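Data first, discussion second: the structure below is written as structure tokens.
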Amino acid sequence: MPCYSIHRKDGGKAILCGDLGPHCGDANCGDVGTYLCDYPVGDDKTCDMPLCHGHAFEAAPNIHYCPGHALLWREFRAAGGVTRELENVVPYKSKESTNEGS
Ligand SMILES: [Zn+2]
Ligand SMILES: [Zn+2]
């Protein structure tokens, strides 16, 4: 029967043994992997790393990323990645005035 090291709200830890599923994917964490990393890794697959409540970064409702992928996501956002993608979708009209003359 696997045992888990649960993070308590007061900062301490509690040991809990039972078949509660996979451990959190963080090497130093023995908590229960309640969540899975939803970060896309190609071919319709996601990272799927099991994550405890403390290590799951909630990027959107019901979308959780592991610590490594949360970092990538934050860098992507900080670099303006989301905005840039949106700007690429906007059709640019500034070229209309270049057909002057005949
Ligand atoms: Zn954890
Ligand atoms: Zn991940």
Side-chain angles (χ1 to χ4, degrees):
M1 191 183 286
C3 287
Y4 304 86
S5 171
I6 308 290
H7 295 101
R8 291 198 322 218
K9 286 201 175 104
D10 61 9
K13 286 191 176 180
I15 302 297
L16 191 67
C17 292
D19 195 9
L20 300 177
H23 284 89
C24 172
D26 187 274
N28 298 315
C29 180
D31 211 332
V32 184
T34 313
Y35 305 98
L36 292 175
C37 176
D38 296 303
Y39 198 88
V41 290
D43 290 336
D44 285 336
K45 286 186 199 135
T46 51
C47 170
D48 278 353
M49 184 193 272
L51 299 162
C52 72
H53 192 74
H55 282 109
F57 168 76
E58 192 171 40
N62 284 320
I63 301 290
H64 297 91
Y65 292 160
C66 67
H69 280 136
L71 204 68
L72 285 180
W73 166 245
R74 266 179 244 169
E75 281 175 5
F76 178 72
R77 290 235 302 208
V82 175
T83 322
R84 218 172 323 176
E85 277 198 0
L86 288 175
E87 280 172 357
N88 283 341
V89 176
V90 176
Y92 48 86
K93 296 177 177 174
S94 56
K95 289 277 171 78
E96 276 179 17
S97 59
T98 56
N99 283 339
E100 55 193 49
S102 57

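Nothing fancy with the numbering, it's 1 onward along the sequence. Fair warning: this is a prediction, and the values are worked out from it, not measured in the lab. Both ligands and their constituent atoms are indexed starting at 1 by order of listing.
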Residues in salt bridge (charged side-chain N to carboxylate O under 4.0 Å, His left out) with Asp44, at least two apart?
none

Taking the Zn ion (ligand 1) as the vertex, what is the angle from ND1 of His55 to SG of Cys52, given to 10 degrees?
100°

Checking Ser5 now: which residues fulfil side chain to side chain contact (heavy atoms under 4.5 Å, CB included) with it, not counting sequence neighbours?
Lys13, Ile15

What is the ring orientation for His69 with Tyr39, classed by angle as parallel under 30°, tilted 30 to 60°, or perpendicular over 60°?
parallel

Between Cys29 and the Zn ion (ligand 1), is there a contact where an N/O/S atom of the residue lies under 2.8 Å from the metal?
yes

Where the Zn ion (ligand 2) is the centre, what is the ND1-to-SG angle for His69 and Cys37, rounded to 10°?
110°

Donor-acceptor under 3.5 Å (Asp43 side chain, Lys45 main chain)
no

